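Owing to the predicted nature of the structure, the values given are computational and were not obtained by experimental measurement.
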2 protein chains.
Amino acid sequence: MTAEHTATLDDVARAAGVSRATASRVVTGQGPASQHSRDRVTAAVAALGYVPDASARALVTRTGTRLAIAVIGHTAAVLDDPYVGRVLTSAAHVAAEREVGVSLHWLPLHDPGSLARLADGRGLGGLVVVNPTRPALDTVPRSLRGRVAAVGVGTRHVPSFDVDNRSGTDGVVRHLVRSGRSRIAMVTGPSWLPCGDRAVEAYRKVLHDSGGEPRVVPGDFTAIRGAKAAIEIMARWPDTDAVFALSDLTALGVLDGLHALGVRVPGDVAVAGFDDITFAGLSRPGLTTSTHPVEEIAAAAARAVLDRRDTSGATFYPSALVVRDSA
Amino acid sequence: MTAEHTATLDDVARAAGVSRATASRVVTGQGPASQHSRDRVTAAVAALGYVPDASARALVTRTGTRLAIAVIGHTAAVLDDPYVGRVLTSAAHVAAEREVGVSLHWLPLHDPGSLARLADGRGLGGLVVVNPTRPALDTVPRSLRGRVAAVGVGTRHVPSFDVDNRSGTDGVVRHLVRSGRSRIAMVTGPSWLPCGDRAVEAYRKVLHDSGGEPRVVPGDFTAIRGAKAAIEIMARWPDTDAVFALSDLTALGVLDGLHALGVRVPGDVAVAGFDDITFAGLSRPGLTTSTHPVEEIAAAAARAVLDRRDTSGATFYPSALVVRDSA
DNA sequence: CTGTTAGCGCGTTCAA
DNA sequence: TTGAACGCGCTAACAG
């Protein structure tokens with residue numbers, strides 16, 4: 001009770017009347033232990049408020065004390081995306097509860113070795129890959145199995161935590177159709193990013209069902225690209241009456257591009273985004289978009305890795321339409 | 001050269017022909033060492049690409065392997081501020097180079113014990129306090145001396161890394177005056193935040209010099225507050241022709257509030273912000289603001305803590321006017 | 001100025 | 001099922 005000095009495993013063992021080895025087995029959950037000692041140890045842990053020392057544990061298990069967040073992209077600029085900021089913030093929060101830290105890394109898209117190098121580095125407790133490609137995930141070494149999660153697509157060995165792009169897109173595009181739009185263009189994400197595929201499919205399906213023609217333009221999640229895409233779209237299909245961008249940042253760029261063209265929003269063209277970033281509510285007109293529990297997704301991925309949960313397979317999180325002024 | 005397994009201090013010592021203790025002294029920079037062995041060890045470090053194992057070091061120095069970023073504020077919502085995201089991102093990057101992670105913490109403004117509790121926790125390699133108050137900084141235990149830095153005001157024991165609010169404000173307000181505005185209102189930061197004081201002083205000085213009357217309204221760095229502040233300002237001083245907000249988010253809120261009032265920007269009222277967040281260039285009209293090297297500041301603070309540099313005193317970073325459409 | 005010795009807190013053999 | 005002993009990589013104390 002006289003906490004004073006943070007309790008060590010020795011203290012727990014002594015209080016429980018067992019050896020340190022036994023206490024260790026109970027605490028880690030690895031190895032055998034009788035029900036009796038199990039009870040005594042857990043009681044002692046609770047009484048002393050014991051928390052394993054992450055450094056000591058890492059030293060012996062060669063397992064590291066930090067959670068790496070790796071973002072795949074063309075340039076290091078991907079790290080500046082507000083989406084990454086939200087993921088990082090949330091993961092850092094989860095990590096803090098377990099006395100571990102997070103670090104942030106950029107993985108060049110065309111450098112297949114970078115993930116393996118990162119994974120080989122010491123001090124790595126776990127790895128969360130943001131916007132991965134499947135080939136990239138296949139390069140994570142076996143030694144990291146069970147300590148990797150993806151925010152985006154996963155593989156058989158890497159559990160995935162992602163937003164339900166399909167139903168999210170469906171909701172937005174249907175909203176556009178409902179409000180009388182029929183010539184709807186879409187600005188996608190980067191072509192190499194597999195998790196955008198389901199969104200494009202959903203978009204095509206809604207358009208097909210409502211008798212519209214797909215008008216797809218590639219994007220890269222940046223605002224600059226959105227402005228350019230808007231100009232391309234209006235040049236190629238001048239009768240376009242709505243633009244859906246798979247990223248709010250891009251949608252804001254579309255707003256900019258249309259404004260430069262003298263096109264009124266939503267009067268002439270409706271614009272919708274995807275993500276519901278903070279600024280979506282602050283633009284003029286306010287951006288209609290779909291909101292995602294990004295923080296929740298990131299937290300789940302971080303927990304899966306940190307707690308070594310066997311969460312294989314994919315977990316999808318719902319995306320909900322947010323109607324503002326732009327569509 | 002056969003790197004294969006990451007180099008250990010033993011490897012370095014062997015390669016340099018000295019004992020491990022000597023190698024340790026050179027690497028850490030603590031304790032005496034002859035020039036000769038110093039050279040040989042540094043050469044060996046470079047040749048082997050040696051990076052100290054953070055866990056092992058932390059275990060013996062009882063110093064932890066993570067860098068905590070603590071943000072002081074009224075509610076946990078301060079963690080969502082994009083400014084915090086930028087600080088965290090940059091710090092995480094610096095930390096990654098040293099194989100340590102960062103964690104993110106909210107320090108309730110009116111809970112004086114929270115900083116001490118955080119600092120007492122194990123596993124803490126260093127602490128960067130964002131937007132601190134001096135009384136709060138005085139609660140960091142002595143044991144952390146030399147491993148704490150502030151992004152904002154500092155104290156005698158805590159080095160400070162901050163933007164030069166004074167000259168930044170001076171630049172923005174002078175720009176407003178130059179462009180013909182004279183009835184300039186200011187929305188400040190939270191009243192408890194000392195680093196805003198210099199900005200208010202600078203604002204008052206410019207107004208005094210140019211024969212204007214100060215019109216100061218308290219803010220809290222949020223957009224919502226900005227919208228309300230705009231309405232308050234126009235009600236109290238209807239002839240106001242410019243508003244300067246000490247935060248871009250707030251300035252964007254001001255834009256919103258003025259728009260709701262039917263006031264044209266910059267026609268009737270000019271609006272300027274502070275920070276130059278990503279969205280400053282995406283709002284309509286584009287926000288005139290002052291840009292800060294937030295990433296650089298955060299990186300310097302993180303490095304000071306991680307490298308145990310004796311950077312006492314305050315380091316100020318320049319703030320530069322960015323003229324867009326709103327002023 | 002240098003090398004030797006002794007742990008830091010923990011997981012993991014190996015015998016019992 | 002348990003406990004004793006060992007070592008992870010490193011810094012700190014002490015002798016030389």
Side-chain angles (χ1 to χ4, degrees), chain A residues 5-41 44-45 48-66 98-100 121-125 143 147 308, chain B residues 5-42 44-45 48-65 98-100 121-125 143 146-147 307-308:
Chain A
H5 196 55
T6 34
T8 164
L9 189 56
D10 264 319
D11 301 334
V12 172
R14 208 169 307 125
V18 300
S19 78
R20 209 185 56 214
T22 304
S24 173
R25 288 184 198 110
V26 173
V27 169
T28 59
Q30 316 273 25
S34 68
Q35 189 58 46
H36 179 69
S37 28
R38 201 179 300 278
D39 291 343
R40 295 196 52 97
V41 169
V45 165
L48 297 173
Y50 169 73
V51 178
D53 183 304
S55 306
R57 175 176 282 182
L59 182 57
V60 56
T61 59
R62 329 183 64 79
T63 193
T65 81
R66 71 181 210 279
R98 290 158 181 71
E99 297 204 332
V100 320
R122 279 174 327 188
L124 212 64
S143 57
R147 298 191 284 144
R308 305 258 195 297
Chain B
H5 197 54
T6 34
T8 163
L9 190 55
D10 264 318
D11 301 333
V12 172
R14 209 169 305 127
V18 299
S19 78
R20 209 180 53 212
T22 303
S24 173
R25 288 184 199 110
V26 173
V27 169
T28 59
Q30 316 272 27
S34 70
Q35 190 58 47
H36 179 70
S37 30
R38 201 179 300 277
D39 291 343
R40 293 194 54 94
V41 170
T42 46
V45 165
L48 297 173
Y50 169 74
V51 177
D53 183 303
S55 305
R57 175 178 282 180
L59 181 57
V60 55
T61 58
R62 328 185 63 79
T63 194
T65 101
R98 291 159 182 70
E99 299 206 329
V100 319
R122 277 175 327 186
L124 212 63
S143 56
R147 298 190 287 142
D307 298 345
R308 306 259 193 297

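Over its length, the helix from C:dC1-D:dG16 to C:dA16-D:dT1 turns its helix axis by 40°, as judged from the five terminal pairs at each end, rounded to 10°.
Going from atom CD of A:Gln30 over to atom C1' of D:dT2 covers 17 Å, rounded to whole Å. The CG atom of B:Leu59 sits 4 Å away from the C1' atom of C:dC8 (whole-angstrom rounding). Note: CZ (B:Arg62) to C1' (C:dA6) measures 15 Å, nearest angstrom. The interatomic distance linking A:Arg14 (CZ) with D:dG3 (C1') rounds to 15 Å, in whole Å. For the pair B:Arg38 CZ and C:dC1 C1', the interatomic distance rounds to 10 Å; values are reported in whole Å. Computed from coordinates, the B:Asp53 CG to C:dC8 C1' distance equals 13 Å when rounded to whole Å. Regarding B:Asp11, its CG atom lies at a distance of 14 Å from the C1' atom of D:dC8, rounded to whole Å. Atom C1' of nucleotide C:dC10 and atom CZ of A:Arg57 are separated by 8 Å, given to the nearest angstrom.
A:Ser37 and A:Thr22 share no side-chain donor-acceptor pair at under 3.5 Å.
Distance check: B:Tyr50 OH to B:Thr42 OG1 gives 13.5 Å after rounding to the nearest 0.5 Å. Taken from CZ in B:Arg20 to OG1 in B:Thr8, the straight-line distance is 7.5 Å, to the nearest 0.5 Å. Atoms OG1 and CD, from A:Thr61 and A:Gln30 in turn, are 10.5 Å apart once rounded to the nearest 0.5 Å. Taken to the nearest 0.5 Å, the CD atom of B:Glu99 stands 7.0 Å off from the CG atom of B:Asp53. Note that CZ of B:Arg62 is 10.5 Å distant from OG of A:Ser55, once rounded to the nearest 0.5 Å.
Taking 4.5 Å as the limit, every side-chain heavy atom of A:Arg25 sits out of range of all side-chain heavy atoms of A:Val41. No side-chain heavy atom of B:Arg40 sits under 4.5 Å from any side-chain heavy atom of B:Val18.
Looking at heavy-atom distances under 4.0 Å, B:Ala58 makes no contact with the nucleic acid at all. Counting any heavy atom pair closer than 4.0 Å across all strands shown, A:Leu9 reaches sugar-phosphate atoms only and no base atom. Nucleic acid contact class of A:Thr28 (heavy atoms, under 4.0 Å, all strands): sugar-phosphate only.
Neither OP1 nor OP2 of C:dC8 sits under 4.0 Å from any side-chain N or O of B:Thr61. Here A:Ser34 reaches the OP1 or OP2 of D:dT2: one of its side-chain N or O atoms lies under 4.0 Å away. Distances shorter than 4.0 Å separate some side-chain N or O of A:Ser37 from OP1 or OP2 on D:dT2. The phosphate of C:dG9 (OP1 or OP2) has no side-chain N or O of A:Tyr50 nearer than 4.0 angstrom. Neither OP1 nor OP2 of D:dC10 sits under 4.0 Å from any side-chain N or O of B:Ser55.
Near-neighbour residues of DNA chain D inside residues 16-27 of chain A, defined by a heavy atom below 4.0 Å, number-ordered: A:Val18, A:Ser19, A:Arg20, A:Ala21, A:Thr22, A:Arg25.
A donor-acceptor distance shorter than 3.5 angstrom exists from the side chain of B:Arg38 to the backbone of B:Ala33, with no hydrogens or angles considered. Side-chain N or O atoms of A:Arg147 include one that pairs as donor or acceptor with a backbone N or O of A:Gly125 at under 3.5 Å.
Mapping B:Ala56 and B:His36 onto DNA chain C by nearest heavy atom places B:His36 at the nucleotide closer to the 5' end.
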